[in-house]
Amino acid sequence: MTATTETEHSAAALHGPVIDWFDAHARDLPWRRPEAGAWGVMVSEFMLQQTPVNRVLPVYEQWMERWPRPADLAKETPGEAVRAWGRLGYPRRALRLHGAALAIAERHGGDVPSEHAQLLALPGVGEYTAAAVASFAYGRRHAVLDTNVRRVFARALSGTQYPPNATTAAERRLARAVLPETDAVAARWAAATMELGALVCTARSPRCGGCPIAAQCAWRLAGSPPHEGPPRRGQTYAGTDRQVRGRLLAVLREATDPVPRAALDTVWDDAVQRARALDGLVADGLVEPLPGPAYRLPHG
DNA sequence: GAGGCGTGGAG
DNA sequence: TCTCCAAGCCT
């Protein structure tokens, strides 16, 4: 028996338990309901990129009520998308979601595309998000490799506590090898492995007592060895340009009229860093400079 | 491929 | 308090 065949064989034994567990324990999230549609799935995926579910929920509800279809968002200025994004973080995602809505309205007749390649061509849609939308919204068969799934596979299949820092070709190969054959089961498997990673096979303290595949988990069978290799670099935040950008944008989100530069000067003492951060926001298209000088969220 | 990019909750 | 980390993407 080849290694690949063996992997597929042992993986097949995981499908049932993991999907059964999902049927019993899946959270009732709004973007999982049928009425969410492909657009709801896409909006949720953008918001969930690096932001926890609990913080996404209220913003998602407001967003979908205000812009129930891509064409509705496409009519707005990008600044309105940034404003409605609120404090979810990484506001470039709001800009990209607005850009994706424009592209969907123009190139796809207002309907979120179902093909992976077409999704991937949209701004802000990478390998993960394209696979997630195709799988969750359209039931297509794709390897959906997010941080949760990578961790579940690292433990259950590879026997390590954590996956590598960056996604490797080996991980993609493994994810494809264990993907169920049919579209419907593959889509269910993708959602189930993500949920297992989010609720049970968590990064800090996994709840192995509640895991449907604990008895087959390669990491546990190896004695739960600690992580080897370079520690994952913790990102410092205090004092960075990111923090300054956040403060500047917070002022502009709250303002309805253009904000004079003098008003922005109060958010950070270091004038050099403040100017650099503001320039960066302008360069990113998150802020529009006006005569005065004054600034506002982008109108066009 | 490494580094930049927000924000806030949990341990 | 401080560290970690949360459904990534882009350059």
Side-chain angles (χ1 to χ4, degrees), chain A residues 26-27 29-32 36 40-60 82 85-97 99-100 119-137 142-153 161-169 171 175 190-199 201-207 227 230-253 267 273 276-277 279-281 283-287:
Chain A
R27 290 167 291 179
L29 300 171
W31 44 85
R32 286 180 177 161
V41 172
M42 172 169 278
V43 169
S44 76
E45 290 303 336
F46 269 77
M47 292 182 174
L48 288 164
Q49 292 169 2
Q50 303 283 279
T51 302
V53 167
N54 286 338
R55 285 177 41 214
V56 164
L57 283 168
V59 181
Y60 171 85
V82 172
W85 197 253
R87 305 189 68 80
L88 287 182
Y90 292 144
R92 291 193 288 199
R93 291 181 293 164
L95 228 42
R96 291 170 182 157
L97 182 51
L119 288 162
L120 198 56
L122 299 172
V125 176
E127 180 65 33
Y128 160 76
T129 301
V133 172
S135 181
F136 302 153
H142 289 286
V144 178
L145 213 48
D146 80 321
T147 187
N148 289 303
V149 176
R150 294 181 62 220
R151 189 173 54 249
V152 168
F153 287 176
Q161 186 179 20
Y162 296 116
N165 281 331
T167 306
T168 63
E171 285 182 275
T193 47
M194 279 184 64
E195 191 78 334
L196 188 64
L199 298 183
C201 195
T202 56
R204 204 78 71 90
S205 15
R207 302 166 174 80
H227 181 66
R232 312 143 103 194
R233 74 164 19 74
Q235 74 247 65
T236 55
Y237 179 67
T240 62
D241 286 6
R242 287 158 79 170
Q243 184 179 18
V244 185
R245 288 166 57 107
R247 289 197 183 180
L248 291 169
L249 210 54
V251 172
L252 294 168
R253 273 199 311 267
V267 308
Q273 189 178 21
R276 186 172 65 232
D279 287 348
L281 288 170
D284 288 345
L286 283 163
V287 171

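Chain naming here is simple, since letters A, B, ... match the order of the sequence lines and numbering starts at 1 in each.
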Please report the distance, rounded to the nearest Å, between CZ in A/Arg87 and C1' in C/dA6. 17 Å
Can you pull every protein N or O that's under 3.5 Å from an N or O on nucleotides 9-11 of chain B?
none

Check whether A/Gln273 reaches the backbone of A/Gly239 with its side chain - one donor and one acceptor, N or O, closer than 3.5 Å. yes
Donor-acceptor pair between A/Glu45 and A/Tyr128 side chains, under 3.5 angstrom: yes
Nearest to the side chain of A/Ala198 - C/dC9, C/dA7, B/dG6? C/dA7
Taken to the nearest whole Å, CZ/A/Arg151 to P/C/dC4 is 16 Å
Can you measure A/Arg93 atom CZ to C/dA7 atom P for me and round it to whole angstrom units? 12 Å
Please give, in whole Å, the distance from B/dG6 P to A/Asp284 CG? 7 Å
Could you state the CG-P distance from A/Leu249 to B/dT7, rounded to the nearest angstrom? 7 Å
A/Gln50 has an atom CD; how far is it from atom P of C/dC10, in whole Å? 13 Å
Please determine, for the side chain of A/Thr51, which listed nucleotide (C/dC5, C/dA7, B/dG6) has the closest atom? B/dG6
Who pairs with A/Arg207 by side chain to side chain donor-acceptor pair (under 3.5 Å), at least two apart in sequence or on another chain? none
Note: for A/Thr202 and A/Ala130 on DNA chain C, the residue whose nearest nucleotide lies more 5' is A/Thr202
Establish whether the base of C/dG8 is bridged to the side chain of A/Thr147 by a donor-acceptor pair shorter than 3.5 Å. no
Phosphate OP1/OP2 of C/dG8 contacted by A/Arg150 side-chain N/O (<4.0 Å): no
In this structure, how many angstroms lie between the P atom of B/dG6 and the CZ atom of A/Arg92, rounded? 6 Å
Hey, which of these two, A/Arg96 or A/Asp146, hits DNA chain C nearer its 5' end, going by closest nucleotide? A/Asp146
Is any side-chain N or O of A/Tyr237 closer than 4.0 Å to OP1 or OP2 of B/dT7? yes
Out of C/dA7, C/dA6, B/dG6, which nucleotide sits closest to the side chain of A/Pro91? B/dG6
